[in-house]
Amino acid sequence: MNPQEDTGARDGGASNRRPGRAYSAHFHLLDRQVVDREGRPVCKVDDLELAHDEHGRPYVTALLAGPAALAPRLGGLSARWLAAVQRRMSVGGGGGPARIDFGRVTGIGPVLTVDLPEGAAGVHALEDWMRDEIVARLPGAGRASG
Amino acid sequence: MTVRGRRVAAVAALLVLVPAAGCAGPSRTGEDYRNKAASTAGAAASAVNTALIGVRAAGDGRVTGPYVSVLLGDAETDLLAVQQTFESRQPPDEASDAVRERLGKALGKAADALAAVRIAARRGEVRELPETGRDLPAAAERLERLEKEMSS
Amino acid sequence: MKRLLAVTLGVLTAIGGFVDIGDLVASSLVGARFGFSLVWVLLLGVVGICVYAEMAGRVAAVAGRPTFDLVRERLGPRAALVNLIGSLLVTALTLAAELAGVALAIELISSVTYLLWLPAVLLMVWLVIWRTRFETMERVFGLAGLALVVFVVAVVGLDPSWSGMLDRALHPEVPGGEGVPTYLYYGIALFASAMTPYEVFFFSSGGIEERWGRKDLAVARANVFVGFPLGGLLSLAIMAAAALLLHPAGVEVGNLSQVVLPVAVPLGKAGIALAILGMFAATFGAALETALSCGYTTAQYFGWRWGKAVAPRAASRFHVVVATALVAGTMLVLTGIDPVKVTEYSLVFAAVALPLTYLPILVVANDPEYMGRAVNGRLANTMGVLYLAVVLVAATAAVPLMIATKAGQ
Amino acid sequence: MRLADLIGARVVDPAGREVGHVSDVRLVEERVPGEDAATRLRVDGLVVAVRRRSRLLAYDHRPVRAPLPLAFLARRAAARARWAPWHTVAGHLPPAAVGERGTVRLDRAAADLPLLGDVHERWTR
């Protein structure tokens with residue numbers, strides 16, 4: 001993936017989140033691509049987890065990803081169907097959505113940049129399962145064809 | 001179900017139903033049967049003319065063996081398919097019987113001519129194809145005449 | 001020299017991708033059946049794909065975002081999911097037709113039935129995706145696809161009256177014995193063959209694979225305004241050759257072997273060999289693009305890692321989706337369904353799915369928050385909105401016309 | 001609680017009448033009490049719209065100017081939308097089941113909320 005031109009992953013760790021900057025949930029946050037420090041895709045912002053502060057005002061505590069997070073936002077039949085499939089298909093990890101603490105988000109721009117601890121890139125059990133069960137077994141899986 | 005959900009289901013149903021609408025429907029009146037006969041003659045003429053162009057090019061040494069045998073094989077398959085569909089159609093009245101009889105004969109002759117050139121091509125007798133396919137021009141004209149007559 | 005290579009790279013992609021089995025069959029079929037009276041639709045489609053691809057390429061270069069990534073962002077997960085399923089169906093259907101096209105091309109050389117070649121074709125396509133470099137893939141199949149220029153030579157070879165051709169193209173009228181609905185149905189099929197969504201998925205994702213940035217805007221534009229019109233010229237040549245030879249003879253095109261006939265007659269064996277090589281390369285290149293597009297759209301919807309620049313281990317889900325699409329496409333063709341009919345259906349459904357991906361790109365290309373100063377200019381917007389109308393009309397009319405004409409009988 | 005509970009939720013006024021639905025949520029970065037550098041995103045308020053509409057043109061957080069016909073659509077669709085700062089929200093209930101819509105209760109009538117159009121100019125995003 002190519003690194004971003006302007007904010008976000010461009011300046012690596014330094015966060016571009018300043019007090020006072022405002023965002024639209026639909027435009028700037030939900031369904032945006034989440035990338036790690038090197039600009040590699042991690043997941044999409046399927047939903048955000050909120051908690052209440054001392055004045056009762058909600059603030060964002062975590063970024064949620066995966067079918068369990070996406071299901072409620074599909075609405076209607078497809079929501080219940082996807083949630084049901086996800087519960088039965090969830091490989092380990094107890095069926096809840098994958099969660100990334102919002103404190104790790106260092107950049108909100110064309111993409112959301114997160115500062116993930118090394119090796120935690122496998123946010124989804126599905127990616128790991130497919131890598132170990134199918135792809136890794138094929139010859140040449142380790143080398144990028146470019 | 002939300003409004004959007006119902007709309008999505010409707011589109012999905014439409015996508016499934018559509019191919020089914022494409023199969024051959026029954027012909028009710030004599031006139032409808034004549035139209036079907038005309039389009040059958042047209043499709044058959046198209047297959048014979050394809051073979052005719054291929055055979056003439058073979059005579060001038062312009063085509064490779066494998067290519068012309070596939071061309072003639074495809075043309076024959078198309079003709080047999082059209083012939084089979086037409087003959088399986090029930091003629092609604094006596095007048096249609098005459099139509100079926102004349103077109104049936106023309107289709108039969110065309111099928112024989114096409115089979116002859118396809119067999120020769122598959123044996124590699126490419127240069128002799130114009131000779132083997134000498135009945136093709138007549139078969140093509142007969143079908144085109146029938147097509148014009150039945151669609152008027 | 002490096003600059004020139006960068007330009008030919010994209011240009012060759014456009015040719016290899018532009019003249020796929022859908023274009024080959026649709027152009028030849030329409031030329032044989034309607035002569036020159038649908039040439040205007042082909043030109044409409046070529047200008048349309050230029051407008052659409054230029055916007056998508058600019059968005060990829062400036063905002064660094066491939067097409068389907070933005071489709072979910074702009075339409076929301078629900079509408080984008082419907083769009084994803086629709087696009088996947090259409091692209092998988094096209095992939096099946098492309099695989100059949102490759103096998104049919106080999107059949108023309110070997111006269112062994114195409115069904116036997118399919119497993120080998122499936123393996124070849126997968127191996128190329130799994131191992132060869134992105135640039136090599138484009139150059140080999142784009143360059144070989146250029147062999148289709150033999151159709152232009154064939155048109156000259158049939159020494160037509162150029163003024164007559166021009167006159168019939170400029171004054172289109174429905175030939176006798178053809179209903180207007182059938183004429184319009186094939187018009188939409190031809191338009192869809194020129195403006196197929198998967199090309200833009202591939203083109204914008206390819207831009208990201210090749211790491212286009214703002215400085216590559218010129219390269220992106222060169223690819224669009226040289227590659228796609230050249231692809232359009234080839235389609236036009238295929239149509240003209242069929243109109244000159246097959247239309248007068250009353251031949252209706254239903255097989256790939258008939259598409260080659262107008263080259264065989266004037267140019268003989270050498271012409272046939274070049275035409276078959278060109279068709280093989282164009283359909284093989286298109287099979288690669290459609291298979292990769294299935295992977296790109298799904299990965300970009302769910303936010304997975306994707307692309308050939310990444311080791312397969314690190315993009316497992318992307319590669320599993322591509323492999324599944326390939327196997328599904330092959331299975332569909334192995335059922336013995338007529339590949340030409342599959343092509344026609346894929347074109348009609350592509351026309352229906354087109355607005356769902358065109359509209360988000362038009363909106364994003366106008367949004368300063370994504371594009372900064374590189375937003376649509378006045379011309380780009382005028383053409384963009386004009387084609388929004390054309391695309392919506394084609395999408396709404398496609399299925400009713402298909403039912404009315406029983407898929408063009 | 002999740003953002004999905006707010007997005008699309010039914011909005012009712014103190015008398016219980018439905019006045020629209022939540023079309024967008026606006027969040028603002030604020031300093032975390034007790035830490036100097038860290039910031040967190042707090043919900044600043046909700047955009048309450050009347051007609052169900054797609055978010056394609058994204059006119060909830062800024063005016064949309066081009067391309068012309070779509071900009072016209074955007075202006076018309078956003079005409080009667082209102083801005084409900086969080087302090088005007090009396091309470092909110094999550095959806096009863098997955099995929100259903102939540103409910104947000106305002107502490108005043110919808111007419112007392114400022115129009116979205118006026119608020120756009122103030123947001124200097």
Side-chain angles (χ1 to χ4, degrees), chain C residues 48 51-52 54-56 58-59 62-63 65 67-84 354-393 395, chain D residues 2-10 20-29 41 44 46-78 81 95 97-102 116 119-125:
Chain C
V51 168
Y52 187 13
E54 190 280 329
M55 280 193 290
R58 182 162 23 104
V59 164
V62 171
R65 313 296 297 285
T67 302
F68 220 87
D69 189 359
L70 294 167
V71 164
R72 171 170 170 181
E73 220 174 277
R74 300 310 329 134
L75 295 181
R78 186 182 166 72
L81 189 60
V82 170
N83 194 344
L84 173 66
L354 193 49
L356 296 172
T357 47
Y358 179 87
L359 195 51
I361 288 296
L362 176 62
V363 165
V364 168
N366 271 292
D367 194 328
E369 290 199 51
Y370 287 95
M371 305 294 288
R373 288 185 322 287
V375 285
N376 270 10
R378 190 177 306 283
L379 173 65
N381 258 340
T382 323
M383 296 301 285
V385 172
L386 179 74
Y387 270 94
L388 177 61
V390 171
V391 151
L392 285 174
V393 164
Chain D
R2 287 160 63 157
L3 194 65
D5 305 344
L6 287 177
I7 298 272
R10 286 172 36 253
H21 66 278
V22 174
S23 164
D24 193 9
V25 175
R26 183 175 168 78
L27 301 112
V28 69
E29 294 270 18
L41 271 177
D44 188 28
L46 313 172
V47 174
V48 179
V50 181
R51 258 200 307 274
R52 284 191 63 72
R53 49 214 172 87
S54 102
R55 49 184 263 210
L56 173 65
L57 296 169
Y59 32 68
D60 285 338
H61 71 295
R62 43 109 210 239
V64 170
R65 287 192 177 70
L68 232 48
L70 299 181
F72 167 73
L73 274 177
R75 258 198 310 283
R76 215 161 55 81
V98 174
E100 294 312 321
R101 298 181 340 145
L116 189 63
V119 185
H120 272 173
E121 305 327 322
R122 202 157 26 88
W123 293 343
T124 55
R125 163 76 187 86

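The shown structure was predicted, so the numbers you read here are calculated from the model rather than taken from an experiment. We use all heavy atoms of the structure for the numbers below, so side chains are in, but hydrogens, waters and symmetry mates are not. We name chains A, B, ... by the order of the sequence lines, and we start the count at 1 in each one.
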Options C:T382, C:V375, C:L388, C:D367, ranked by heavy-atom pairs under 4.5 Å with chain D, top entry: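 Looking at each option in turn, the highest pair count goes to C:D367.
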Heavy-atom side-chain contact between D:L70 and C:L362 under 4.5 Å: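 Yes, side chains in contact.
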Contact class of C:N376 relative to chain D, heavy atoms under 4.5 angstrom: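 When you check distances to chain D, no heavy atom of C:N376 falls under 4.5 Å.
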